[in-house]
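Since the model is a prediction, treat every value here as computed from it, not as a measurement.
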Amino acid sequence: MDTKQYRYRGNDFQIKQAPTFVQDSTAELKKIKKQIKKNLKHIREAQKKMYARRHYGILVVFQAMDAAGKDSMIAHIFSGVNPVGFKVANFKQPTAQELRHDYLWRINRELPLRGDIGAFNRSYYEDVLVSRVHPEIILNSNLPEIHSLADVNDHFFEKRYQDIREYEKYLTRNGYVVLKFFLHVSKEEQKRRFLARIDTPEKNWKFTAADIRERQYWDQYQAAYEKAINATATKDNPWYVIPADDKWYSRLIVSDILTKRIEKLPLAYPTLSPAEQAKLGAARQELLNEK
């Protein structure tokens, strides 16, 4: 599968031009599910080798509008991965303690260990997305240079984009693969999924009044995503904009990108030195000699 069409490495992303649905993607559902299953097996096997050697870590960032399918994406893509080497972090509104630290403090606390895979359900990008749509949030961050909403301007966010680029570069230098996915859902599909949450009793818990309030800011969020993606998509850490109206096809694209990126890592189980192999042989013989 050619996934290059979904990858952005520079200032060339236009959100209105990015598809939210791939025509006829549902026509080959059986084939799609089969390929996803194959990809997931590869991810599980690679995670075992990563965990055994502890040289590399993988951080998978998911950003999206509400109801785009982040939860189900994470649950499906990483199903079967050994939970010992996998963790999920979900970033919501900062707590009072988190606001007393820099905005990346809570992110560092949730980074996966080298050897592990970590998934961020929302991430540090919230600090250039939600806070861009609702700049009043920044006033509560106790930043020394912020005294009024006028200070939360383009220059302020340009500095944050630079922080993020440097942070991801730092992670890459320290053995982390950072994969960033924007699950791009249409406003019409979000409406359909919201209605399903309201009309289906077992899905009622997923819906909150805040979902409707934030939907009123749809255009502002779209502009914020376009700016953030353009400002932080680099050659080493590109963004992948995934058409998310069809959940199965979006899972295929994400699992394929993840699989191909993992294939580039020099993963292998550790090899033992002759001395260590000799110890194994002695241990084996001792077990065989037991009565």
After noting the C-alpha distance and the side-chain angles of E188 and K191, does the key distance pass the salt bridge (charged side-chain N to carboxylate O under 4.0 Å, His left out) rule?
-> CA-CA 5 Å; E188 294 74 20; K191 178 180 178 179; over 6 Å; no

Run the numbers on K48 and E45 for salt bridge (charged side-chain N to carboxylate O under 4.0 Å, His left out), then give the verdict.
-> CA-CA 5 Å; K48 294 177 184 177; E45 292 302 315; 3.3 Å; yes

Consider only side-chain heavy atoms of I, L, V, M, F, W and Y, link residues closer than 4.5 Å, and tell whether Y249 and I242 are in one cluster.
-> yes

Indicate, with yes or no, if the rings of Y225 and F182 have centres closer together than 6.0 Å.
-> yes

From the list F13, Y8, Y125, ring-ring contact (aromatic ring centres under 6.0 Å, His included) with W239 holds only for Y125

Taking the side chain as every heavy atom from C-beta outward, state whether E168 and I164 have any pair of such atoms under 4.5 Å apart.
-> yes

Below 4.5 Å, heavy atoms only, C-beta onward: do I257 and R7 meet side chain to side chain?
-> no

Near-ring test Y240/Y6, centroid separation under 6.0 angstrom = no

Within 45° cone of Y51 ring axis and under 6.0 Å: R54 NZ or CZ | yes

Give the cluster check for W218 versus L195: same hydrophobic cluster or not, with ILVMFWY residues linked at side-chain heavy-atom distances below 4.5 Å.
-> no

Look at the side-chain heavy atoms of Ile, Leu, Val, Met, Phe, Trp and Tyr, link any pair under 4.5 Å apart, and say whether L143 and V130 land in one connected group.
-> yes

Report yes or no: does R160 contribute a side-chain atom to a donor-acceptor pair with the main-chain N or O of H155 at less than 3.5 Å?
-> no

Pairwise side-chain contact, P112 with I58, heavy-atom cut-off 4.5 Å (strictly under) = no

Any side-chain heavy-atom pair of L252 and M1 under 4.5 Å | yes

Test item: side-chain donor near acceptor, S186 and D245, under 3.5 Å = yes

Main-chain N/O of N174 paired with R114 side-chain donor or acceptor, under 3.5 Å | yes

Hey, is the main chain of E98 close enough, under 3.5 Å, to the side chain of T95 for a donor-acceptor pair?
-> yes

Heavy-atom nearest pair, A68 first then A244, reads O-CB, 3.9 Å

Taking the side chain as every heavy atom from C-beta outward, state whether F21 and E189 have any atom pair closer than 4.5 Å.
-> no

Hey, would you say the Y124 and W105 ring centroids sit under 6.0 Å apart?
-> no

Is a donor on one side and an acceptor on the other found under 3.5 Å between the side chain of R165 and the backbone of A231?
-> yes

Is R173 atom CZ crowded by more than 12 heavy atoms from other residues, nucleotides or ligands, each under 6.0 Å away?
-> yes

Treating Ile, Leu, Val, Met, Phe, Trp and Tyr as nodes and any side-chain heavy-atom pair under 4.5 angstrom as an edge, say whether V61 and L113 lie in one connected cluster.
-> no

When you check the gap from the basic side-chain N to the acidic O, do D256 and K260 get nearer than 4.0 Å?
-> yes

Donor-acceptor contact present, side-chain Q35 to main-chain K31, <3.5 Å | no

What are the two closest heavy atoms between K87 and L111, and how far apart are they?
-> NZ-O, 4.1 Å

Any side-chain heavy-atom pair from E202 and R197 closer than 4.5 angstrom?
-> no

Assess whether salt bridge (charged side-chain N to carboxylate O under 4.0 Å, His left out) is satisfied between E276 and K279, documenting all intermediate values.
-> CA-CA 5 Å; E276 290 169 327; K279 290 179 182 179; over 6 Å; no

N230 side, atom CG; N11 side, atom CG - distance, nearest 0.5 Å = 4.5 Å

Taking every non-hydrogen atom, the tightest pair across T20 and V185 = CG2-C, 3.8 Å

Taking the six-membered ring of F91, is the NZ or CZ of R106 close enough (under 6.0 Å from the centre) and on axis enough (within 45°)?
-> no

For the student: nearest non-hydrogen atoms of V22 and P243, plus distance = CG2-CG, 3.6 Å

Of all the heavy-atom pairs spanning H184 and P19, show the shortest one and how long it is.
-> CD2-O, 3.6 Å

Which is it for D66 and R122 under the salt bridge (charged side-chain N to carboxylate O under 4.0 Å, His left out) test, yes or no, and what are the steps along the way?
-> CA-CA 11 Å; D66 292 328; R122 302 190 186 279; 2.7 Å; yes

More than 12 heavy atoms from other groups under 6.0 Å of CD on Q93 = no

Among R132, K159, K227, find the one that has a side-chain hydrogen bond (donor to acceptor under 3.5 Å, both in side chains) with D154.
-> R132

H76 and L40, any side-chain heavy atoms less than 4.5 Å apart | yes

In one Ile/Leu/Val/Met/Phe/Trp/Tyr side-chain cluster, 4.5 Å: I43, Y176 | no

Counting only heavy atoms not in K41, do more than 12 fall under 6.0 Å of its NZ?
-> no

N204 versus I198, closest heavy-atom pair with distance = ND2-O, 3.1 Å

With no hydrogens and no angle check, is any side-chain donor or acceptor of Q222 less than 3.5 Å from a backbone partner on I15?
-> no

Are any side-chain N or O atoms of H42 and backbone N or O atoms of K38, one a donor and one an acceptor, separated by less than 3.5 Å?
-> no

Taking side chain as C-beta onward, heavy atoms only, is V254 less than 4.5 Å from F62?
-> yes

State whether the side chain of K180 and the backbone N or O of N237 hold a donor-acceptor pair below 3.5 Å, judged by distance alone.
-> yes

Could you check whether the rings of Y167 and Y170 sit parallel, tilted or perpendicular, using 30° and 60° as the cut-offs?
-> parallel

